[in-house]
S.K.: 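The structure that follows is given in the form of structure tokens.
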Amino acid sequence: MGKEYSFTVRDFDPVHIFECGQCFRWERRDDGSFAGIAGERPAEIYFEPSADDRYAGTLRVADRSNAPDDGGAFWYDYFDLGRDYGAIKKILADRDETIREAIRFGEGIRLLRQDRWEALVSFIISQNNNIPRIKKNIDGLSELFGEEAGTIGEKTYYCIPKPGKLASLTVEDLAPVRLGYRARYLIETGASIAENGLCYLDSHLCDLCGVGPKVANCISLFSMEKYDSFPIDTWVKQVMEKLYGITGKKEIEAFAEETFGEYGGFAQQYLFYYIRETSACGDKHLAH
DNA sequence: CGGCAGGCGGTTA
DNA sequence: TAACCGCCTGCC
């Protein structure tokens, strides 16, 4: 089943979007396009920039899922195309000389509106972990226990297993995925969500097993529209010290709140991408 | 080999 | 309630 959608977009760069740390299921291909899956929809993503603005142009999505044709509504929402990122960047840039510089590295960043369950599983897996292995873990988990979602070329894509499915597994079942101690977190969280539903996140996000402050902030920002969230990980600590000379989680939180306020989540993404782009370690990772 | 990678849970004082 | 420590795993 082929569904192709086309959108005219601004403030858009697929590399910035898919490599600013918010998602783990997309791969860059040799021609610059991306292939991956969002929720139950495998897709190919193409972007053709216009001649005068490399962050504006035509976004084309080839949806390879079995989902019914919705006229592109899913992808419009997923890429947050209803939001004026130019306006957000202007507000942040006017607020602070330093964030202005960081934004220049990630002009095309947009915050994807991800599925809650997908974000929950992804960021539990992400803890004390590195990006290549996070991707491997999510793919392995989905291939072994998730439902088939569609194919792109020779590759079959699988959904992240549903809460009830995870709840039915044992740590022995999950051993081949090499999740380490995170396996137990996924099983217990799967059981909680299977029992209480995803609305449980609204009030008890931090009660879930394997969800601490950092993971909760990521889920809030990337799937719950809490755009003032400011997840603090080792990279953000690094960039805050380097650019602002601020150390300590409490100090960073206070600074982010008073400086970026309701736009904290957007600022965090620009800063995260900036430090990844300008640090030797980030370059090494991108070379893979 | 120790250190570390997008932290968390559990224990201790 | 804050500080500390162990933890699966894979890669440097």
Side-chain angles (χ1 to χ4, degrees), chain A residues 16-26 102 105-106 109 111-112 114 118-141 144 166 169-192 201 204-224 226 229-243 247-254 256 264-288:
Chain A
H16 294 172
I17 291 168
F18 291 129
E19 295 179 2
C20 71
Q22 60 181 326
C23 59
F24 305 100
R25 303 210 73 189
W26 295 93
F105 282 77
I109 288 174
L111 283 177
L112 297 170
Q114 301 183 59
E118 185 165 291
L120 178 53
V121 170
S122 297
F123 285 95
I124 285 176
I125 289 174
S126 80
Q127 66 188 77
N128 200 13
N129 209 340
N130 58 64
I131 291 172
R133 202 164 77 90
I134 295 165
K135 290 183 167 183
K136 245 182 235 175
N137 284 166
I138 295 173
D139 284 347
L141 178 69
L144 284 179
L166 285 188
L169 301 173
T170 65
V171 290
E172 289 76 25
D173 295 329
L174 285 168
V177 185
R178 315 297 287 167
L179 291 160
Y181 56 85
R182 303 165 197 83
R184 182 176 67 84
Y185 301 164
L186 291 181
I187 293 165
E188 292 193 22
T189 288
S192 298
L201 295 187
H204 294 280
L205 180 55
C206 295
D207 296 339
L208 291 164
C209 186
V211 179
K214 193 274 177 180
V215 170
N217 269 318
C218 286
I219 295 164
S220 298
L221 178 59
F222 301 134
S223 73
M224 297 176 70
K226 302 273 202 280
S229 302
F230 195 87
I232 299 170
D233 56 36
T234 55
W235 292 101
V236 171
K237 281 180 188 162
Q238 226 183 95
V239 72
M240 294 305 283
E241 176 161 14
K242 183 175 175 184
L243 297 188
T247 57
K249 191 175 172 235
K250 282 279 195 302
E251 289 73 17
I252 294 173
E253 277 171 349
F266 301 98
Q268 192 266 10
Q269 290 293 279
Y270 295 121
L271 290 165
F272 181 92
Y273 190 71
Y274 171 87
I275 194 69
R276 290 296 303 271
E277 283 298 288
T278 56
S279 77
C281 192
D283 293 343
K284 230 187 304 178
H285 165 66
L286 290 172
H288 283 296

S.K.: Side chains of A:Asn217 and A:Ser220: is there a donor and an acceptor less than 3.5 Å apart?
M.R.: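 On atom types as modelled, these side chains do not qualify, holding no pair under 3.5 Å.
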
S.K.: Report the nucleotide, chosen from B:dG7, C:dG10, B:dG6, that has the shortest atom-to-atom distance to any side-chain atom of A:Cys218.
M.R.: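 Given the options B:dG7, C:dG10, B:dG6, the side chain of A:Cys218 is closest to B:dG6.
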
S.K.: Quick check for you: among C:dC8, B:dG6, C:dA2, whose closest atom lies nearest to any side-chain atom of A:Phe272?
M.R.: B:dG6

S.K.: Can you check whether any acceptor in the base of B:dG7 is under 3.5 Å from a donor in the side chain of A:Lys214, or vice versa?
M.R.: no

S.K.: Would you mind reading off the distance between A:Met240 atom CE and B:dG6 atom C1', rounded to a whole angstrom?
M.R.: 16 Å

S.K.: Can you sort out the partners of A:Glu188 under side chain to side chain donor-acceptor pair (under 3.5 Å), two or more places apart, ordered by chain and number?
M.R.: A:Arg184

S.K.: Given the side-chain rings of A:Phe123 and A:Phe24, with only the six-membered ring counted for Trp, is the space between their centroids under 6.0 Å?
M.R.: yes

S.K.: Might you work through the salt bridge (charged side-chain N to carboxylate O under 4.0 Å, His left out) test for A:Lys249 and A:Glu253, ending with a clear yes or no?
M.R.: CA-CA 6 Å; A:Lys249 191 175 172 235; A:Glu253 277 171 349; 3.7 Å; yes

S.K.: Using the C1' atom on both, measure B:dG6 against C:dA3 and round to a whole Å.
M.R.: 22 Å

S.K.: Got a list of protein N/O to nucleotides 9-13 of chain B N/O distances below 3.5 Å?
M.R.:
residue, atom, partner, partner atom, Å
B:dG9, OP1, A:Gly210, N, 2.7

S.K.: Dot-bracket, DNA chain C: Watson-Crick or G-U, under 3.5 angstrom, [ ] crossing, | other strand?
M.R.: |||||||.||||

S.K.: Distance check needed: C:dC5 C1' versus A:Gln127 CD, whole Å only.
M.R.: 15 Å

S.K.: Looking at residues at least two apart in the chain, or sitting in another chain, which of them share a side chain to side chain donor-acceptor pair (under 3.5 Å) with A:Arg178?
M.R.: none

S.K.: Residues in side chain to side chain donor-acceptor pair (under 3.5 Å) with A:Thr247, at least two apart?
M.R.: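 With sequence neighbours excluded, A:Thr247 shows a side chain to side chain donor-acceptor pair (under 3.5 Å) to no residue whatsoever.
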
S.K.: Enumerate the residues from residues 172-181 of chain A whose closest heavy atom to DNA chain C is under 4.0 Å, giving them by residue number; use none for an empty result.
M.R.: A:Arg178, A:Leu179, A:Gly180, A:Tyr181

S.K.: Whole angstroms only, please: what is the CG-C1' distance between A:Asn217 and B:dG7?
M.R.: 12 Å

S.K.: Expressed as a whole number of Å, how far does the C1' atom of C:dC11 sit from that of B:dC8?
M.R.: 22 Å

S.K.: Provide the closest heavy-atom pair for A:Met240 versus A:Leu271 in the form atom of the first, atom of the second, distance.
M.R.: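 Reported closest heavy-atom pair: SD-CD1, 4.0 Å.
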
